[in-house]
Amino acid sequence: MSMPTELSQGGGGAGVIDVVAKFGAKADEKTDLSKPLLDAWKEACASTSPAKIVIPKATLDGPCKAPIELQVEATVKAPANPGAFKEPKWIAFNRIENFKLFGGGVFDGQGTTTYKREGCEKHDCCDSLPINLRFDFLTNTMLQGITSKDSKQFHVNVLGCKNITFEHLIVSAPGESPNTDGIHIGRSDGVNALNTEIKTGDDCVSIGDGSKNLVINGVTCGPGHGISIGSLELFNNEEPIDGVIVKNCTLTNTSNGVRIKSWPGAKPGSCSNIHFEDITVTNVSSPITIDQKYCPWNKCKINEESKVKLSNISFKNIHGTSALPEAVKIICSATLLCENVELADIEITLSGPAGPAVSQCSNVKPKVSGKQNPVACSAPIGAKPTPTA
């Protein structure tokens, strides 16, 4: 695909639509597939009966009148030059109901040349780069067996969706690729990420404001920055986060494990009913974190406190090894103490030689049960806590 293409939802009897046989698409890595694919999409979207678009091993607005399946078996390549994009997105699906994307295909963002752009390590220029796959305001959607490779920015962005499931998704980018979150979720209800493998340079899964009823199950993460809620309340009018389950996940050689982060001095907000359970960490720098003093790149004022209310949060059966001594770090706001935090069956040892793993707490009195290694909240917090990315 030599030009950016937007895919979204748009009426009898389309059946199976082959973009090569019917619309003349060519799998030569030279021909622009935008028109054949959009023509096929328009025909499918106009069909009053369920339709399937097939992109054979080679490379869309709604609402549509019936369910649509998009089968991608190809490796679809984005333009390598960021200048080819007028907006920060490559492929976008918008306002679709009853949609399925599957087939084992690869969406290659060809982003490796952008990873060394000056300023990207501080996110100063990365927001203008295209996201590989955007899903905006979709309902009842399944994405299965798809790979996102080397996105220039986020791999997958989910906004305003309801009942959307990612299963057997593969995300692949170098560990040094900046701002390349694997799956970023915001203002969505009922998102499931299941049995998914993510290797990237930022959060494997990042959960933004307005997210509720999420299940992250069976995700393997690493390299990357772990599975994160936040950062919260950096912007005005952020919505509460309520109901997130992260379980049966494995994190290896990541800078963080499972964490919640909010900015000090930020706007009021809330995050509640968050549960991390059955997590394996291997050589993870910060396996368990609540950080209400999250302030990368020194963008905060001194002595400010977070105004985000955190409540009903549990960390259960989390085990493995930490790359740094601070295996458990729960730093809550002094003005809004964390409520009903639970630590149960924690077994994390230090993978390096720098002394035993420790557990640090501030402005919180967690409920503790089961084995606790390190002993819960037993270590003082240093004057300069180890920063997290």
Side-chain angles (χ1 to χ4, degrees), residues 7 52-60 67-78 90-93 96 98-109 131-135 138-151 154-159 161-175 177 180-185 188 190-207 211 213-228 244-254 258 276-280 282:
L7 302 118
K52 177 190 290 187
I53 300 171
V54 178
I55 304 175
K57 295 178 180 177
T59 298
L60 311 159
I68 292 183
E69 296 183 356
L70 178 58
Q71 180 176 341
V72 180
E73 300 174 354
T75 293
V76 189
K77 293 187 178 182
W90 174 28
I91 298 174
F93 299 85
I96 308 169
N98 304 312
F99 174 60
K100 182 177 181 179
L101 173 62
F102 70 109
V106 178
F107 292 90
D108 185 352
I131 293 167
N132 259 15
L133 297 169
R134 283 200 65 114
F135 301 96
L138 273 61
T139 302
N140 301 331
T141 296
M142 168 66 77
L143 299 108
Q144 201 168 47
I146 294 296
T147 295
S148 175
K149 178 183 177 184
D150 293 339
S151 182
F154 293 176
H155 285 264
V156 174
N157 192 86
V158 180
L159 176 67
C161 292
K162 186 173 183 179
N163 299 331
I164 180 170
T165 296
F166 299 87
E167 188 172 22
H168 301 298
L169 178 74
I170 297 174
V171 170
S172 176
S177 56
T180 53
D181 293 28
I183 303 174
H184 178 73
I185 303 165
S188 296
V191 181
N192 303 299
L194 311 175
N195 304 317
T196 283
E197 177 183 315
I198 301 175
K199 299 178 179 180
T200 193
D202 212 299
D203 291 334
C204 289
V205 180
S206 56
I207 299 169
S211 300
N213 303 316
L214 310 187
V215 175
I216 314 300
N217 193 338
V219 170
T220 61
C221 168
H225 292 180
I227 298 174
S228 298
V244 179
I245 296 174
V246 179
K247 65 184 303 182
N248 300 321
C249 293
T250 300
L251 301 102
T252 303
N253 298 323
T254 54
V258 291
F276 304 99
E277 186 173 357
D278 300 331
I279 308 294
T280 300
T282 302

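Residues satisfying the ring pair (Phe, Tyr, Trp, His ring centres under 6.0 Å) criterion with F135, sequence neighbours excluded, are F93, F166. Remark: T147 engages no residue in a side-chain hydrogen bond (donor to acceptor under 3.5 Å, both in side chains) (not counting sequence neighbours). Listed by chain and number, the residues in a side-chain hydrogen bond (donor to acceptor under 3.5 Å, both in side chains) with T180 are S177, T200 (sequence neighbours excluded).
Between S148 and N132, the closest heavy-atom pair is OG-ND2, 2.9 Å. Across all their heavy atoms, G224 and C204 have their closest contact at CA-SG, 4.4 Å. The nearest pair of heavy atoms linking H155 to A173 is NE2-CB, 3.5 Å. Across all their heavy atoms, I183 and A193 have their closest contact at CD1-CB, 4.1 Å. Pairing each heavy atom of I279 with each of K247, the nearest pair is CD1-CA, 4.1 Å. Between V72 and I146, the shortest heavy-atom distance links the atoms O-CD1, 4.4 Å.
Using a 4.5 Å heavy-atom cutoff, the side chains of L143 and I164 are in contact. Here the side chains of L214 and I207 are in contact, with some heavy-atom distance below 4.5 Å. A 4.5 Å side-chain heavy-atom check between T141 and T165 finds every atom pair outside the cut-off. Using a 4.5 Å cut-off on side-chain heavy atoms (C-beta onward), L159 and R134 make contact.
With N248 as the fixed residue, the side-chain contact (heavy atoms from CB on, under 4.5 Å) test singles out one of N195, L194, N217: N217. Of the residues listed (L169, V219, I170), the one engaging I198 in a side-chain contact (heavy atoms from CB on, under 4.5 Å) is V219, and it is the only one.
Atom NZ of K100 is surrounded by more than 12 heavy atoms from other residues, nucleotides or ligands within 6.0 Å.
Distance check: D202 CG to H184 NE2 gives 10.5 Å after rounding to the nearest 0.5 Å. Between the CD atom in E69 and the CE atom in M142 there is a gap of 11.0 Å [rounded to 0.5 Å]. Between atom CG of residue D203 and atom OG of residue S228 there is a gap of 3.5 Å, rounded to the nearest 0.5 Å. In this structure, E197 CD and T250 OG1 are separated by 11.0 Å, a value rounded to the nearest 0.5 Å. The OG atom of S151 lies 10.0 Å from the CG atom of D181; values are rounded to the nearest 0.5 Å. In this structure, the separation between CZ on F276 and CD1 on I227 is 8.0 Å, given to the nearest 0.5 Å.
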Test side chain to side chain contact (heavy atoms under 4.5 Å, CB included) on I245 and I216 and set out the steps.
CA-CA 6 Å; I245 296 174; I216 314 300; over 6 Å; no
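With 2.5 angstrom as the limit on SG-SG distance, C249 and C221 do not come in below it.
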